[in-house]
Amino acid sequence: MKIGIVCYPTFGGSGVVATELGKGLAEKGHRVHFITYSQPVRLDFLNENIFYHQVYLPNYPLFQYPPYELALTSQIVHVATFEKLDLLHVHYAIPHASAAFMAKQILRAQGFDVPVVTTLHGTDITLVGKDASFEPVVTFSINQSEGVTTVSQSLKNDTYAHFDIKKNIEVIPNFIDLNRFKKQCKDHFKKAICPQDEKLLVHTSNFRKVKRIQDILAIFKNIRQVIPAKLLLVGDGPERVAMEELSRELGIHEDTRFLGRLDVIEEVLSVADLFLMPSEKESFGLAALEAMACEVPVIASNTGGIPELNIDGVTGFNSEVGDVAAMSQNALTILSDENLPRFRKNALNRAKEFDISFILPHYEQFYDKILQEFSAKYAQV
Ligand code: GMT
């Protein structure tokens with residue numbers, strides 16, 4: 001199959017899922033064309049079935065807001081026409097689903113039909129998408145997609161709750177490559193970070209407000225009062241500077257390191273004892289799955305799709321958003337020498353259920369279904 005994938009190229013979860021999906025499809029022999037404004041961060045190798053088409057945004061002094069969606073639409077039209085795409089799969093509704101709709105209309109006028117699958121990832125529904133500035137366009141373009149998927153049942157429920165959606169939504173959970181995300185022997189690194197054998201807590205994210213990094217620092221402060229511990233924060237984003245200041249105010253800065261963006265996240269996770277994800281909202285929690293695959297239990301919020309992944313009392317604990325006291329207590333329970341090995345084992349076993357080899361065929365079957373329905377529809381016209 002020739003598949004066009006439109007996504008964000010950045011470290012954010014939706015871009016990572018789209019890129020890993022494209023890589024997996026290419027390895028199975030599909031030809032995958034990525035269409036985005038820069039090289040996706042995880043697209044860092046050569047594969048004969050992978051192509052990358054950059055969206056160029058011409059600058060013109062009149063444009064206070066350069067029209068990215070139009071440039072993206074034009075690039076989709078070019079790629080679909082020249083590469084004879086069978087299907088277009090867009091990740092994150094804004095603005096990808098509406099650009100895909102527009103491209104589809106242009107292509108149809110030229111006598112070329114291509115079905116669109118839209119995967120909703122989270123904030124495109126729960127945060128930005130439902131804002132009045134975008135809602136009518138998001139509703140329309142989801143309804144106009146030939147296929148719609150969400151990354152959790154919770155996000156499917158939210159989509160129906162916030163938008164007037166007439167289509168069936170398929171839930172296809174996020175996945176992990178267990179060949180890459182596995183616990184590696186990095187004892188020298190652990191020794192360097194935790195010379196006194198302190199427990200190591202890790203968080204990775206894009207440092208947006210929704211991640212509630214302030215709760216991570218408060219939890220860490222509580223834990224550190226009871227047991228020796230260190231905290232590594234990986235990633236970058238709008239909250240980072242304020243959180244570095246807060247760590248100083250809380251007096252935990254000497255045991256806290258802000259590492260910035262890292263490619264080799266699995267190496268950090270390999271030496272972690274606990275992963276913290278106290279987010280306000282989280283449609284799935286891909287970063288938690290990456291941690292679990294490296295045998296790291298998770299302390300998280302009981303929100304969105306997290307409970308579908310992190311089994312309370314088994315692979316970690318989920319508490320109400322902002323309940324720092326419960327999260328601190330649960331973290332100490334996991335970190336005890338008696339409990340930690342069991343939580344680690346359970347986390348890995350749970351992660352295995354999300355291995356790419358199980359989840360990728362769901363996408364292939366969904367594509368087949370959409371293509372069949374699409375060709376049946378156009379055979380009748
Ligand atoms: O977490 C973010 O803010 C990034 C965002 C994205 O789309 O790039 O992540 C969302 O999609 C991920 C992949 O499907 C999910 O694992 C995250 O839970 C989801 N984030 C939120 O819902 C806040």
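Keep in mind the model is a prediction, meaning the values are calculated, not measured. Atoms within a ligand are numbered from 1 in the order they appear, just like the ligands themselves.
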Return a table of donor-acceptor pairs under 3.5 angstrom between the side chains of residues 124-131 and protein atoms on other chains or two or more places apart.
unit_1	atom_1	unit_2	atom_2	d
D124	OD1	H121	N	3.2
D124	OD1	G122	N	2.7
D124	OD2	A93	N	2.9
D124	OD2	H121	N	3.2
T126	OG1	G122	O	3.1
K130	NZ	T126	O	3.3
D131	OD1	S133	N	2.9
D131	OD1	S133	OG	2.5

Can you sort out which atoms of ligand 1 are near [X], meaning under 4.0 Å from one of its heavy atoms?
{"X": "V151", "result": "14 (O)"}
{"X": "N174", "result": "13 (C), 14 (O), 16 (O)"}
{"X": "G122", "result": "22 (O)"}
{"X": "Y92", "result": "7 (O)"}
{"X": "R208", "result": "2 (C), 3 (O), 4 (C)"}
{"X": "K281", "result": "23 (C)"}

Give the contacting part of [X] toward ligand 1: side chain, backbone, both or neither, where contact means a heavy-atom distance below 4.0 Å.
{"X": "Y8", "result": "neither"}
{"X": "L286", "result": "both"}
{"X": "V16", "result": "neither"}
{"X": "L127", "result": "neither"}

I want to check something: taking the side chain as every heavy atom from C-beta on, are L72 and I35 in contact at a cut-off of under 4.5 Å?
yes

Would a 4.5 Å heavy-atom cut-off, applied to side chains only, mark M292 and F354 as touching?
no

Taking distance alone, no hydrogens or angles, what donor-acceptor pairs closer than 3.5 Å link side-chain atoms of residues 225-241 to residues at least two apart or in another chain?
unit_1	atom_1	unit_2	atom_2	d
K230	NZ	D255	OD1	2.9
E239	OE2	K209	NZ	3.2
R240	NE	E244	OE2	2.9

Minimum heavy-atom separation for P278 to R212, with atom names?
O-CD, 3.4 Å

Who's closest to atom 14 (O) of ligand 1 heavy-atom-wise, of H91, K211, E282, H121?
H121

Geometric N/O contact [X] with ligand 1, under 3.5 angstrom:
{"X": "T126", "value": "no"}
{"X": "G15", "value": "no"}
{"X": "G285", "value": "yes"}

Atom pair NE2 (H91) and CG (L21), whose distance is rounded to the nearest 0.5 Å:
5.0 Å

Inter-residue atom distance K221.NZ - E249.CD, 0.5 Å rounding
10.5 Å

Testing the 3.5 Å rule here: is there a donor-acceptor pair between the side chains of S154 and E308?
no

Can you tell me if OH on Y60 sees more than 12 non-hydrogen neighbours from other groups inside 6.0 Å?
no

